[in-house]
S.K.: 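Mind having a look at this structure? Questions to follow.
Computed from a prediction, not measured in an experiment: that's the story for all the values here.
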Amino acid sequence: MNTDEPMHNRATGAIRLLLAVWLIVAAVRTLADPHQAVVDQGLPMGTVLPQAGLYFAVGIFLLTGFMSRVAGLLLVGLGVWQLASFGFAVVPLVLTAVGAYLALRGGGAWAMDIYVQKMQDRARKKALSSPEST
């Protein structure tokens, strides 16, 4: 095992948590005052509200670390769609880059995915070692 792997997992976990908090806060601010969000973002209302819903949902998944890779893929799709639809901006680029990183790397430390995988491995091992499997 690589000695810097735990540090890398913690860095990935920290990035995941920071992004999750940012997504949730951005969604709540947008949903609290959608008219101001339309003015601030320069996007139509029909785009701002569904985007806020996606930000909130993906943020919750990232906060818990559940299905981190899928959430990363959703962020890549959302970022690419924003770039293609509304032109160059920093936020969609960051969403795309961090989403790709999370999709490839996983949720890192403190992610629920780790514990789900361990439970699945134990169940698989138990099923293979049981007398009914032979």
S.K.: Relative to the ring of Trp22, is the ring of Tyr55 parallel (under 30°), tilted (30 to 60°) or perpendicular (over 60°)?
M.R.: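 Geometry flag for Trp22 against Tyr55: tilted rings.
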S.K.: In Å and rounded to the nearest 0.5 Å, what is the CE to CZ distance from Met119 to Arg124?
M.R.: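 Those atoms lie 11.5 Å apart.
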S.K.: Testing Ile24, Val70, Leu63, Leu74 for side chain to side chain contact (heavy atoms under 4.5 Å, CB included) with Val58, which one passes?
M.R.: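 Of the listed options, the one satisfying the test is Leu74.
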S.K.: Which atoms form the tightest heavy-atom contact between Leu83 and Pro92, and what is the distance?
M.R.: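 Nearest heavy atoms, Leu83 then Pro92: CG-CB, 3.7 Å.
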S.K.: With a 4.5 Å cut-off on side-chain heavy-atom distances among I, L, V, M, F, W and Y, is there a chain of contacts connecting Phe88 to Leu43?
M.R.: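 No.
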S.K.: Count I, L, V, M, F, W, Y as connected when their side-chain heavy atoms are under 4.5 Å apart, and connections chain through other members. Are Val21 and Leu17 then in the same cluster?
M.R.: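 In one cluster: yes.
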S.K.: Could you tell me whether the side chain of Thr64 and the main chain of Phe61 form a donor-acceptor pair under 3.5 Å?
M.R.: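 Present.
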S.K.: Identify which one of Leu19, Thr96, Val94 satisfies the side chain to side chain contact (heavy atoms under 4.5 Å, CB included) criterion when paired with Leu75.
M.R.: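 Single pass found, and it is Leu19.
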S.K.: Please answer: with hydrophobic residues joined when any side-chain heavy atoms are less than 4.5 Å apart, are Tyr101 and Val90 in the same cluster?
M.R.: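 Same cluster.
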S.K.: For the residue pair Ser68 and Gly106, what are the closest heavy atoms and their distance?
M.R.: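 Where Ser68 meets Gly106 most closely, the heavy atoms are CB-C, 4.2 Å.
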S.K.: Report the residues that fulfil ring pair (Phe, Tyr, Trp, His ring centres under 6.0 Å) with Trp110, sequence neighbours left out, ordered by chain and then residue number.
M.R.: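 So Trp110 forms no ring pair (Phe, Tyr, Trp, His ring centres under 6.0 Å) with any residue.
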S.K.: Side chain of Arg16, backbone of Leu62: donor and acceptor closer than 3.5 Å?
M.R.: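 Looks like yes, one N/O pair under 3.5 Å.
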S.K.: For Asp113 and Gln117, test the side chains for any donor-to-acceptor distance below 3.5 angstrom and give the result as yes or no.
M.R.: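 Note: Asp113 and Gln117 side chains miss the donor-acceptor criterion.
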S.K.: Are Met112 and Met67 close enough that some pair of their side-chain heavy atoms sits under 4.5 Å apart?
M.R.: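 A side-chain contact under 4.5 Å is absent here.
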S.K.: Does this structure show an ion pair linking Lys118 with Asp121, if we count only N-O contacts that are shorter than 4.0 Å?
M.R.: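 Not counted as a salt bridge, because no side-chain N and carboxylate O are separated by less than 4.0 Å.
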S.K.: Would you name the heavy atoms of Ala27 and Ala52 that are closest together and state the gap between them?
M.R.: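 Heavy-atom minimum between the residues: CB-O, 3.2 Å.
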S.K.: Once you round to the nearest 0.5 Å, how far does CG of Leu23 lie from CD1 of Ile60?
M.R.: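 Going from CG on Leu23 over to CD1 on Ile60, the span is 10.0 Å.
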S.K.: Could you tell me whether the side chain of Arg69 and the main chain of Leu102 form a donor-acceptor pair under 3.5 Å?
M.R.: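 No; judged by distance alone, with no hydrogens or angles, the pair does not exist.
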S.K.: Could you grab the distance from atom CD of Gln41 to atom OG1 of Thr47, nearest 0.5 Å is fine?
M.R.: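 Those atoms lie 9.5 Å apart.
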S.K.: Is Leu49 reachable from Leu95 through a run of hydrophobic residues whose side-chain heavy atoms are each under 4.5 Å from the next?
M.R.: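 Per the 4.5 Å side-chain linkage, Leu95 and Leu49 are co-clustered.
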S.K.: Considering all heavy atoms of both residues, which atom of Ala20 and which atom of Gly59 are nearest to each other, and what is their separation?
M.R.: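 Scanning both residues, the minimum pair turns out to be CB-O, 3.4 Å.
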S.K.: Rounded to the nearest 0.5 Å, how far apart are CZ of Phe86 and CD of Gln51?
M.R.: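 Reported value, rounded in 0.5 Å steps: 7.5 Å.
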S.K.: About how many Å separate CG of Leu54 and CG of Leu78, when rounded to the nearest 0.5 Å?
M.R.: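 One gets 6.0 Å once the value is rounded to the nearest 0.5 Å.
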S.K.: Does any part of the side chain of Val48, heavy atoms only, come nearer than 4.5 Å to the side chain of Thr30, both counted from C-beta?
M.R.: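 Yes. Closest side-chain heavy atoms under 4.5 Å.
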S.K.: Check for me, please, whether Leu18 and Val76 land in the same ILVMFWY cluster - side-chain distances under 4.5 Å, paths through other members count.
M.R.: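 No, Leu18 does not connect to Val76 through the hydrophobic network.
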S.K.: Would you say Lys125 and Arg122 make side-chain contact, with heavy atoms under 4.5 Å?
M.R.: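 Result no, sub-4.5 Å side-chain heavy-atom pair not found.
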